[in-house]
Each structure stands twice: as structure tokens, then as C-alpha cells.
Amino acid sequence: MSQPCSVLAPVAITGAMIVSSAVPEADYPTFSMLKAYALGERCISTVTHRIYESVSSSSNVGHDPTDLINQFGAVPWWVDQGPTNLWAMFDGYVSTKSAASPLAITLRPGSFNSVALFGLEADGLSIAVRDAPGGNVIYAYSDDLEGSEPGDYYEYFFDRFKPQTDFVVTDLAAFNNAEITVTLTRVTGLARCGLLALGDMKPIGLTEYGAKVTPNSYSFIDVDKFGRTKITPGANTTDMSVTAKLGIAEAAAVYATLKEVQSVPCVVIATDLVDYSPLRVFGLPTPTLSFDGPDLCTVSLEVKGFI
């Protein structure tokens, strides 16, 4: 294949990096130490950007949900129900999605050379990257999120529309004070984004033929004693296995990169060729380096896809 295999470790987005957003963080009222919360009542924290639900039948007053003792102590008061709407696309999971119409956000995360979006539910996408706030546009993209690739006339006229659910941009010029604006639009309903990742895409070698992807389903399948099957739909993930070759001169730098991301969910791209688009996965990579000779090194990556 001889295509570059790369790893993108996302920058951890903070509130200070968000310049503007059309995505509200108003899922529920902000937690108040003075309010008595009833069983099942919810609130949010603008510190952790999480949603919490009261699980006590007693009067729940003055118990900070961000304090873990109030979640996991002898007397639990709160249960974490996931990220707020604004922060769902930054929580490291594709299945939790930010939603708005349109979904627009402007960030200043520092330098980055790549952008990856996963879990998209939208009709159109536009991206503008500037070298500085109000500066020159160094990258611009605007198009429909169309994933259909008909193989013949029958599919062209009669096959169902297949939306594009991910989008990756690499090789951007990096600037220390870069600004990016991402906008998702949808004709009907809310546009959604499961993951927005920015960072440095680092090469780890040239991908060998034989890379594999394995779709996984977390649906629950139950067969009762009469043989009747009940399927409860669940989330899906994709695992990937890839092998790449590199020169011995690059081995130490690649080893350092892989050590940095060993316990960090990241985007792994085996190739950016359009026909091999399934070979890009967000998950947790487990690397193995093999020093095969005086001039050659082999990298084997097992990527556990995240929900």
C-alpha cells in the first residue's frame, strides 16, 4: 500500500479555548448549594461540564455533585449522567453527541495540523482555519456530507442515500495562535457531532497491505426458552489492526510518539486514500515495535475502537 500511517492525539479542549458557540450548555439548571433536589431531578456543573441526577429520596441539599464522595460514598446523592450538550463532542466518546441547528463553534486551541470529526449527523459541513484571530484563512472547506458511492446505474438511481459520518483534514499549516470555525447544518432536525478532535498528526510508518477492521456491536441479544429472539440495539465500534514499516532512523521518534498515546484515545489513520476510508478509527492503540534488521523496523498497532 505504501501509504503513511498516522496517529492524532487530540488536544484537551478547555473553556478558555472556546471563543464562541451556537451549541448551548443549558441542558438543566446549574447546581446550587441552596436548592433542595428531589429524587430524579437533574442539574449541570459548569466546572466539570457534566449532568447529574439526584438519587436520594431524602432532601438533597448542599451535596456538591462534583465531589466524588457524594456519588460513590456510603450514602450516594448523585449519579453522573454524561456530558452537557456543548461538551459532548469533547468528552472522548463518539456516541455522546453535541446537537444544535446549526452546530457552529469557534476554537483557539493553539497550534494544530489536523482536524478529525466523527459521529456526524448532518447534511453540510464547513471549516475555516485562520492563522490568527481575524487573520488570513489558511484552509477553507464547504460541502455536503455525502457518503454514497454508487457502483452502477441501478445503485445511482435507486440506492438509499448514505450520509458521510466522519471527516478528516491533515497537513494544515500550524500557527501558535490559530483559530478554527466548524459549522454543521441539517435541513431537518438538529445537526450532531460525536467527536471534534484537533492536534498534531504524527506519522509512524508506511502501511502494509493486510490492514483489518472489525465492526463490533454492543446490542443485547436474548433468546428465551421457546427460541424467540429479542434484540436490544446498542452502540457500534470498529477495531483495527495495522502494520507499518519504517526506517531505523525514525524508530526512536515513533516509539516516543506511541508511548505518549498508549493510554490516550486518539485517531489512527492507516491511509488517507478515499477507497480505504474504513481504515481510520478513533480508539485506544496498543503498539508493538519489531526491530527486523539494521535498517528496518516494523510497527504493529491494535486499535480498540471507542463507542
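As the structure is a computational prediction, the values presented were derived from the model and not from experiment.
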Within the 6.0 Å centroid threshold, strictly below: Trp78 and Tyr37: yes

Near-ring test Tyr141/Phe167, centroid separation under 6.0 angstrom: yes

Between [X] and [Y] (side chain of the first, backbone of the second, donor and acceptor by atom type, cut-off under 3.5 Å), is there such a pair?
X: Ser98; Y: Met89; value: yes
X: Arg192; Y: Glu121; value: no
X: Asp80; Y: Gly82; value: yes
X: Asp67; Y: Ile69; value: yes
X: Thr207; Y: Ala270; value: yes
X: Ser111; Y: Asn176; value: no
X: Asn60; Y: Trp77; value: yes
X: Gln71; Y: Leu68; value: no
X: Asn113; Y: Met201; value: yes
X: Asn85; Y: Glu25; value: no

Linked, directly or transitively: Ile204 and Val168 (ILVMFWY side chains, under 4.5 Å): no

Residue Asp222 excluded, over 12 heavy atoms near CG under 6.0 Å: yes

Hey, what do you get for [atom1] ([X]) to [atom2] ([Y]), rounding to the nearest 0.5 Å?
X: Leu86; Y: Ile18; atom1: CG; atom2: CD1; answer: 4.5 Å
X: Arg186; Y: Leu145; atom1: CZ; atom2: CG; answer: 10.5 Å
X: Cys266; Y: Leu258; atom1: SG; atom2: CG; answer: 8.5 Å
X: Phe282; Y: Ile269; atom1: CZ; atom2: CD1; answer: 12.5 Å
X: Thr66; Y: Arg50; atom1: OG1; atom2: CZ; answer: 12.5 Å
X: Cys43; Y: Gln81; atom1: SG; atom2: CD; answer: 10.5 Å

Of Val94, Thr165, Ile127, Val267, the residue whose pairing with Leu117 passes side-chain contact (heavy atoms from CB on, under 4.5 Å): Ile127

Among Thr185, Leu125, Val23, side-chain contact (heavy atoms from CB on, under 4.5 Å) partner for Leu103: Val23

Test: Arg280 and Asp272 ion pair at under 4.0 Å: no

Ionic contact status for Asp239 with Lys304, cut-off 4.0 Å: yes

Derivation and outcome, side-chain hydrogen bond (donor to acceptor under 3.5 Å, both in side chains), residues Lys245 and Thr298: CA-CA 5 Å; Lys245 298 288 187 180; Thr298 301; 2.7 Å; yes

Nearest non-hydrogen partners of Val55 and Pro76, listed with the distance: CG2-O, 3.8 Å

